[in-house]
Amino acid sequence: MRKQPAALVAAGVAAALALSACSGDDSGDGGSANVGGLEACVDDPNNCNAAERRDGGELTWALSSGWDAWNGNTAAGNSLYLTQVMAGTRIPTGEFLPDGTYQWPKDLLTAAPELISESPMQVRYEIRPEAKWDDGNAIDLDDFLFHWYGATSDADKCDQELCDPAAISYGDNVESIEEVDGGIVVSYVEGYTDPEWSLGVPVSLPAHIADEQGFDWKNDPADMGAAAEFFNTTVPTWTAGPYKILPDSVEMGQSLSLVPNENWYGEIKPTLDKINLEVIAEQPTMLTALENGEIHGSEPASLDPDVAEQAGDLPGAVSAIGSRPAWDHLDFNLSNEFLSDIEVRKAIMTAISLEDIKAATYAELTETETRTNHIFPATSEYHTDVTSELGQGSGDVEAAKQILADAGYTLEGETLKTPEGEDIEPLSLVWLEGNTMREITMTLVQAVLKELGIPANLEPNAPDKLGTTLAERKFDIVEFGWIGSLAFTGAPSQYWHSGSASNYAGMKNDEIDAVIESVTQTTDLAEAAARANEAAKMVAEQYVILPVVTTPGLIVMSDQVANVRPNSSDQIGPFYNMEEWGFKAEG
C-alpha cells in the first residue's frame, strides 16, 4: 500500500493508497511460479521478460473489470481498474519495483524527497523543470494544494459530499504546503510523524484544469467539491505520463485507447503507437482472445484453475502464477438491523470455515494463506494472528448456534427467530460478477448461513459498479479485496477510521480511531507496525470484517511482448512501467 494514493479496492481479485489498500507479499521475492514461461521472474524479478523493443505496434491488454468514475481520490473512484486505465497518464510519483525495492520518482523530482524537519515533520520535494502537463503547464504548488484539499475531511476545504475522499490519513494531517527556495515543502501538524514519509509524492490532478473550468477551489469549499466531481465525471484529456487517452475511444467502464504523449518528459520513451485497454470479465473468453491474437495479455483479477492450466499450454504465450499484494475479506454492513447485533456477526464468523474456502478455491492450484491479520500477510515480519483465538473462520457451526442461543435467538425448524420472535429478512451476499473464487466463497457462506437458519441471496455485482456499491453500502455481506504495496501506515486509517469514506462496513469506534491515529505518531517502523496490529486486534474484536485469503494471481501474455512482467510489490502490478512496454525487436 503506498501512502499517498490509497488502498485500492480490488474489485476483481481482491482498491490508491489512499490505499488501493493493504500490503501484499512482504517477502519481496516477486513470488512467481512458472506456468509456461517467465521463469526468470523468480530470480530476477526486475528484469525478466526484458528485451529490445521495435518501433511501433498496437498492444491490447485485457482488464478483468470496469470503472465508473475518473477521480481515483474519491471513494467511488478508488478502484484497481481505474488505477490501471489511468496508469499511463498519471504523474510518476514513485513505485515499488518487483523485487520490493522502492524507486523514488526520478522523472518527476530532481532528487529523492528530503525530510527537513522531524518536529513538526516537514518534507521537501523539488520538481524537475521539465516535469509538465502535456499542455505545457508546470506541475507545481497548486497541484499539491489541490490534492490536499481533495484528501481531507475538512469541510472548510472541500464539500465532503462531493469530494468523498477515499482516504484522509494524509490530508487531515497536513498543516501547510508552501513553495520555499525552489522546492515544495509539506508541513504536517505537530505530533504527526510517518516512518513512510519518503514514499510517494502527494500530487495527482491538474489544478490548472480546475481553474480553467472556473472553479474557485482555493477559496470556496463548494467549488473544490464541484471540481472533484468534475474530475470524477470527465474523461481526462490531460496527462502527465508517457501516454494520453484518446477521448473518442472511451467506452465508459469497457474500453479505451492510449497513444504516446508527445510532451512526455521521462527518460524512457514509449515505442508503441497505441495501447488498447478493454474489459473481458470472463477468463475463458480472455484466453480465447489471446489465442486468436485479439489481445496480447492480461493479469486477471482472480485465479481460475482451469484458465491457469490452459494458459500454461497456450502456444506462443508465456504465463506465471504468483503472489499479489492483495487479500480478500468479508465486510458486514452495520446498518443492517440484524447484523448490527455483534452476537450475530460473531456467530456467522465462527461458523464460516476459512480452510474449507481455501480448499475449494486456491489450494489445488498454488500455495496461499488464509488471512489472520487485516494488514500484514503471514510472510511479513510484522504479522500477528489477531483472529484465530476469537474463533473467526474456524467453521465451528455448533459453537455458532450456541452463541445465537445465548443471545436469545431460537431455531424453529430451519428458521432462525430473533429474540422478539420475528423472522430474519434474507441477507444479500454480494461479490464481483465473473470472479469464480468469490462465487465459490459466497456459495459456501450461503450454505453455512442456512445451517444457522439465516436466509441469504447470492447477488453478484456488475463488473463496473463495485465502487458505487461499496460507497453506497448496497450489500449486507460483501466480499471484495484490497490491493496495495509494501507500505502499510495509511491502511488502518483508510480501512477503519470513523471518518474514512472507505470504511464501507460503517464501523464507528473512538478507541479504534485513537489507535489508528497513533500509527502515524512515530518515526519507528516497527513501532508503527505494532500499533497497526493493535488496531487490527481491536477491529477483529468487533466482528465486522473477516479476512479470508491472500489472493494469488495469474499473468499471461504473448511471447512477443517485451518488458511486461508481474509486480507483486505494488498495487499497480505490471502497469508500473508502461513506458517500457513494447514488442520485441526480434521475432
Side-chain angles (χ1 to χ4, degrees), residues 328-357 370-372 374 386-431 438 441-459 461 469-470 472-480 495-496 498 503-512 535-549:
D328 270 13
H329 48 99
L330 297 170
D331 283 23
F332 290 55
N333 188 346
L334 295 182
S335 64
N336 177 288
E337 183 178 2
F338 179 53
L339 295 177
S340 66
D341 185 346
I342 189 172
E343 299 303 318
V344 171
R345 303 195 303 273
K346 184 184 298 184
I348 294 173
M349 289 192 185
T350 300
I352 292 172
S353 170
L354 295 184
E355 285 299 324
D356 285 354
I357 290 173
T370 52
R371 292 285 291 217
T372 58
H374 309 67
V386 300
T387 61
S388 295
E389 67 178 27
L390 299 174
Q392 294 182 11
S394 65
D396 193 337
V397 175
E398 294 307 314
K401 289 180 177 179
Q402 190 60 52
I403 291 170
L404 292 170
D406 292 344
Y409 293 85
T410 56
L411 192 60
E412 296 184 8
E414 296 183 351
T415 303
L416 189 69
K417 299 283 188 177
T418 68
E420 295 74 30
E422 299 175 353
D423 288 344
I424 296 163
E425 292 293 324
L427 301 179
S428 62
L429 306 183
V430 176
W431 74 96
R438 290 194 188 143
T441 298
M442 287 308 231
T443 302
L444 292 174
V445 170
Q446 183 189 44
V448 166
L449 291 175
K450 184 177 181 180
E451 289 190 67
L452 300 180
I454 302 171
N457 297 323
L458 299 176
E459 299 182 12
N461 200 162
T469 295
L470 294 173
E472 297 179 0
R473 296 197 177 102
K474 295 179 178 179
F475 63 88
D476 293 322
I477 301 177
V478 62
E479 183 179 15
F480 69 100
Y495 293 161
W496 310 316
S498 298
N503 177 1
Y504 299 119
M507 183 173 59
K508 310 290 183 184
N509 188 297
D510 292 342
E511 293 181 359
I512 293 175
K537 184 176 185 296
M538 295 172 72
V539 168
E541 291 168 350
Q542 296 299 308
Y543 294 88
V544 176
I545 300 164
L546 177 65
V548 177
V549 65

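- Between atom CD1 of residue Ile352 and atom CG of residue Leu449 there is a gap of 6.5 Å, rounded to the nearest 0.5 Å.
- Contact record, Ala347 with Leu452: O-CD1, 4.2 Å, taken as the closest heavy-atom pair.
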Check your understanding: After noting the C-alpha distance and the side-chain angles of Glu425 and Phe338, does the key distance pass the side chain to side chain contact (heavy atoms under 4.5 Å, CB included) rule?
Key -> CA-CA 8 Å; Glu425 292 293 324; Phe338 179 53; over 6 Å; no
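- Considering only heavy atoms from C-beta on, Ile348 comes within 4.5 Å of Phe332 through its side chain.
- Interatomic distance, Thr350 OG1 to Asp396 CG, rounded to the nearest 0.5 Å: 7.5 Å.
- Side-chain contact between Leu354 and Leu546: present, with at least one pair of heavy atoms (C-beta onward) separated by less than 4.5 Å.
- Residue Arg473 comes nearest to Gly506 through the heavy atom pair NH2-CA, 3.4 Å, listed as atom of the first residue, atom of the second, then distance.
- Note that the NZ atom of Lys417 and the CG atom of Leu411 stand 10.5 Å from one another [nearest 0.5 Å].
- The backbone N or O of Val548 lies less than 3.5 Å from no partner atom in the side chain of Arg371, so there is not a single donor-acceptor pair.
- Closest non-hydrogen pair, Ala540 versus His374, comes out as CB-CE1, 4.0 Å.
- Side-chain rings of Phe475 and Tyr504 stay apart, their centers remaining 6.0 Å or farther from each other.
- Residues Met349 and Thr387 form no side-chain contact, since every pair of their non-hydrogen atoms from C-beta on lies 4.5 Å or further apart.
- Inter-residue side-chain proximity for Thr418 and Tyr409 is flagged as met; some heavy-atom pair is nearer than 4.5 Å.
- Put simply, the side chain of Gln446 gets close to the backbone of Ala456: a donor and an acceptor are under 3.5 Å apart.
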Exercise for review: Could you please spell out the steps behind the side chain to side chain contact (heavy atoms under 4.5 Å, CB included) verdict for Trp496 and Val544?
Suggested key: CA-CA 10 Å; Trp496 310 316; Val544 176; over 6 Å; no
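- Screening Leu470, Asn461, Asp328 for a side-chain contact (heavy atoms from CB on, under 4.5 Å) with Phe480, the sole residue that qualifies is Leu470.
- Across every non-hydrogen atom of Val445 and Leu429, the tightest pair is CG1-CD1, 4.2 Å.
- Taking CG of Leu330 as the reference point, atom CD1 of Ile545 lies at 10.5 Å (rounded to 0.5 Å).
- Contact record, Ala351 with Val397: O-CG2, 4.1 Å, taken as the closest heavy-atom pair.
- Between Ile454 atom CD1 and Asp476 atom CG the span is 11.5 Å, to the nearest 0.5 Å.
- Separation of atoms CD (Glu389) and CD (Glu541) is listed at 8.0 Å; rounding is to 0.5 Å.
- Nearest heavy-atom pair across Asn457 and Pro426 is ND2-CB, 3.7 Å.
- Counting heavy-atom neighbours within 6.0 Å of Lys450 NZ, excluding the residue itself, gives a total of 12 or less.
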Review point. Do Asn509 and Val539 pass the side chain to side chain contact (heavy atoms under 4.5 Å, CB included) test, and can you show the C-alpha distance, the side-chain angles, and the key distance before you say yes or no?
Key: CA-CA 9 Å; Asn509 188 297; Val539 168; over 6 Å; no
